[in-house]
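Single-structure report; data block below.
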Amino acid sequence: MAKKVLVIGEVRDGELRNVSYEAVAAGKEVADGGEVVGVLLGEDVSGLAESLIHYGADRVIVVNHADLKTYTTDAYQQALLQVLDVENPEGVLLGHTSLGKDVSPRLAMKLNAGLISDAISVEMDGGDAVFTRPIYSGKAFEKKKVNEGVVFATIRPNNIPPLEKDESRSGDVSNLTVDIKDLRTVIKDVVRKATGGVDLSEAKVIVAGGRGVKGKEGFEPLQELADLLGGAVGASRGACDADYCDYSLQIGQTGKVVTPDLYIAVGLSGAIQHLAGMSNSKVIVAINKDPEAPIFEVADYGIVGDLFEILPILTEELKST
Ligand code: FAD
């Protein structure tokens with residue numbers, strides 16, 4: 001049965017995050033031939049609406065408001081509840097990002113609706129959207145559906161491919177004015193740590209270092225390799241605890257969960273807590289001098305040897321291709 005599905009786009013630094021397009025693709029499936037409506041929130045985000053349409057949204061609602069410039073739970077929740085009130089959708093999809101993880105349970109709770117978080121795929125079964133999500137740190141998968149009412153779901157980045165971009169697609173773009181009041185928190189300023197250009201949670205290639213890189217400067221060749229591959233640098237908690245890099249790079253159970261196309265694990269042992277954050281990567285390459293290191297159990301390709309010898313060879317080889 002055709003449904004109306006809202007997809008909440010996520011804007012960062014004036015651009016839509018990739019997961020927004022991936023959520024549109026998931027939305028097409030859930031809508032089952034119905035309407036996919038993109039929703040954009042921000043201070044001045046009208047210019048991004050067309051892009052959502054090119055990737056499959058049928059129309060887009062834009063909510064511009066000074067209080068939506070930077071995400072706060074309060075302001076986004078108030079604005080989105082008003083959008084939901086006007087649109088009355090059967091499904092609502094968001095990225096499984098900090099924003100999506102924060103606001104989706106609040107919205108679902110207000111609407112007394114079911115929420116499926118961290119979905120990696122969706123298929124229709126007799127008119128119901130059935131989502132697959134990893135459980136037990138990625139060791140098993142469960143299929144879940146919401147039995148009645150509005151279906152809320154968050155989509156893990158890098159799992160559902162976006163639809164082909166089609167610049168000939170057109171759709172209605174409308175503005176909605178919302179009333180935001182009594183905010184309990186206001187963002188005065190955002191001070192960002194200077195990390196690399198590619199967002200770790202959405203990166204297609206990740207070069208991750210562990211305690212084996214031996215120091216801050218040990219991360220430099222990893223950054224060089226990541227840059228060559230258009231990827232991002234990540235780290236084990238061992239490397240973060242040793243102050244070789246910032247905790248924002250930590251991947252694992254208590255860090256970021258990533259699913260890149262290529263994960264190169266360099267000088268990290270592959271502790272269970274690290275695997276929890278990366279074992280669903282599509283291709284895993286491990287470089288470790290210990291042939292017994294657990295990382296080799298999940299690796300598709302393993303190189304046993306000294307990372308300080310192997311990395312320069314890899315980098316040179318890539319430069320020459
Ligand atoms: P090590 O285990 O010390 O491994 C270093 C590896 O480098 C070794 O395998 C060694 O053979 C190799 N090596 C050394 N020198 C070289 C060389 N020259 N060339 C090639 N290889 C070399 N960890 C995470 O990563 N993420 C998490 O989110 C996380 N959450 C945790 C939560 C809890 C509650 C707990 C208790 C722990 C958590 N940990 C997490 C920590 C985890 O248990 C490990 O301690 C940590 O992952 C180890 O980091 P490492 O692999 O860099 O270090």
Side-chain angles (χ1 to χ4, degrees), residues 4-24 26-27 35-89 91-111 113 115 117 150-157 162 171-193 195 199-202 248:
K4 186 203 279 189
V5 176
L6 295 198
V7 174
I8 317 300
E10 193 170 329
V11 182
R12 184 186 280 182
D13 298 332
E15 284 185 19
L16 270 162
R17 297 187 69 177
N18 279 341
V19 71
S20 307
Y21 304 123
E22 296 164 5
V24 169
E35 191 183 30
V36 174
V37 184
V39 180
L40 286 174
L41 279 68
E43 191 181 31
D44 179 17
V45 288
S46 308
L48 299 170
E50 277 215 329
S51 176
L52 270 185
I53 291 170
H54 292 162
Y55 277 95
D58 297 303
R59 64 183 169 93
V60 175
I61 299 166
V62 179
V63 185
N64 285 320
H65 193 294
D67 288 336
L68 299 172
K69 182 178 180 192
T70 311
Y71 176 79
T72 62
T73 308
D74 243 5
Y76 271 60
Q77 182 180 325
Q78 287 187 35
L80 284 171
L81 282 173
Q82 289 168 63
V83 176
L84 291 172
D85 193 41
V86 171
E87 288 292 327
N88 227 348
V92 182
L93 302 186
L94 304 94
H96 193 68
T97 57
S98 303
L99 185 156
K101 283 186 259 185
D102 187 52
V103 81
S104 60
R106 297 166 199 274
L107 298 173
M109 185 268 293
K110 290 273 184 199
L111 269 69
L115 165 67
S117 69
V150 185
V151 178
F152 277 81
T154 60
I155 306 297
R156 183 187 282 199
D172 184 52
V173 178
S174 58
N175 287 293
L176 184 73
T177 306
V178 295
D179 184 24
I180 298 176
K181 57 186 178 204
D182 303 330
L183 291 181
R184 286 169 293 184
T185 48
V186 175
I187 306 281
K188 292 285 190 195
D189 193 12
V190 177
V191 182
R192 287 255 173 84
K193 287 215 170 107
T195 48
D199 181 351
L200 189 55
S201 52
E202 292 197 332
S248 60

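The model shown is predicted, which means the values in this text are computed figures rather than measured ones. Below, each value reflects all heavy atoms present in this structure, side chains not excepted, and no hydrogens, waters or symmetry copies.
- Going from atom CG of L6 over to atom CD1 of I61 covers 6.0 Å, rounded to the nearest 0.5 Å.
- Scanning both residues, A57 and V24, for their nearest heavy atoms gives N-CG1, 3.6 Å.
- Judged purely by atom type and a 3.5 angstrom limit, K4 has no side-chain atom pairing as donor or acceptor with the backbone of V37.
- Between V36 and G56, the shortest heavy-atom distance links the atoms CB-O, 4.5 Å.
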- Steps toward side-chain contact (heavy atoms from CB on, under 4.5 Å) verdict (L111, L81): CA-CA 9 Å; L111 269 69; L81 282 173; 3.7 Å; yes
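- Within the 3.5 Å criterion, the main-chain N or O of V186 finds no donor-acceptor partner in the side chain of T72.
- Separation of atoms CG (L99) and CG (L41) is listed at 8.5 Å; rounding is to 0.5 Å.
- Between F152 and S104, the closest heavy-atom pair is CD2-O, 4.3 Å.
- In this structure, D102 and Y76 have side chains that are not in contact, with every pair of non-hydrogen atoms separated by 4.5 Å or more.
- Taking CG from L48 and CD from E15, the interatomic distance works out to 8.0 Å, rounded to the nearest 0.5 Å.
- E22 has its side chain out of reach of R156: every pair of non-hydrogen atoms, C-beta onward, lies at least 4.5 Å apart.
- Among all heavy-atom pairs drawn from T154 and G100, the shortest one is CG2-O, 3.9 Å.
- I8 places none of its side-chain heavy atoms less than 4.5 Å from the side chain of V103.
- With values rounded to the nearest 0.5 angstrom, D182 atom CG is found 9.5 Å from R184 atom CZ.
- A 4.5 Å side-chain heavy-atom check between S51 and Y21 finds at least one atom pair inside the cut-off.
- Looking only at side-chain heavy atoms (C-beta outward), R12 and D199 come within less than 4.5 Å of each other.
- Within the 4.5 Å cutoff, the side chain of S117 has heavy atoms near those of the H96 side chain.
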- Task: Verify side-chain contact (heavy atoms from CB on, under 4.5 Å) between L80 and R106, making sure each step is shown before the conclusion.
- Result: CA-CA 10 Å; L80 284 171; R106 297 166 199 274; over 6 Å; no
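- Side chain of D44 to backbone of N64: no donor-acceptor contact under 3.5 angstrom is found.
- Interatomic distance, CD of Q82 versus CG of L176, reported as 7.5 Å (0.5 Å rounding).
- Between L52 and L16 the shortest side-chain heavy-atom distance falls below 4.5 Å.
- The CD1 atom of I155 sits 11.0 Å away from the OG1 atom of T97 when rounded to the nearest 0.5 Å.
- Under a 3.5 Å cut-off, the side chain of E10 and the backbone N or O of L94 do not form any donor-acceptor pair.
- Proximity of S46 to V173: side-chain heavy atoms (C-beta onward) are nowhere separated by under 4.5 Å.
- Remark: the backbone N or O of P157 is not paired with any side-chain donor or acceptor of E202 at under 3.5 angstrom.
- Of all non-hydrogen atoms in I180 and A79, the two that sit nearest each other are CD1-CB, 4.4 Å.
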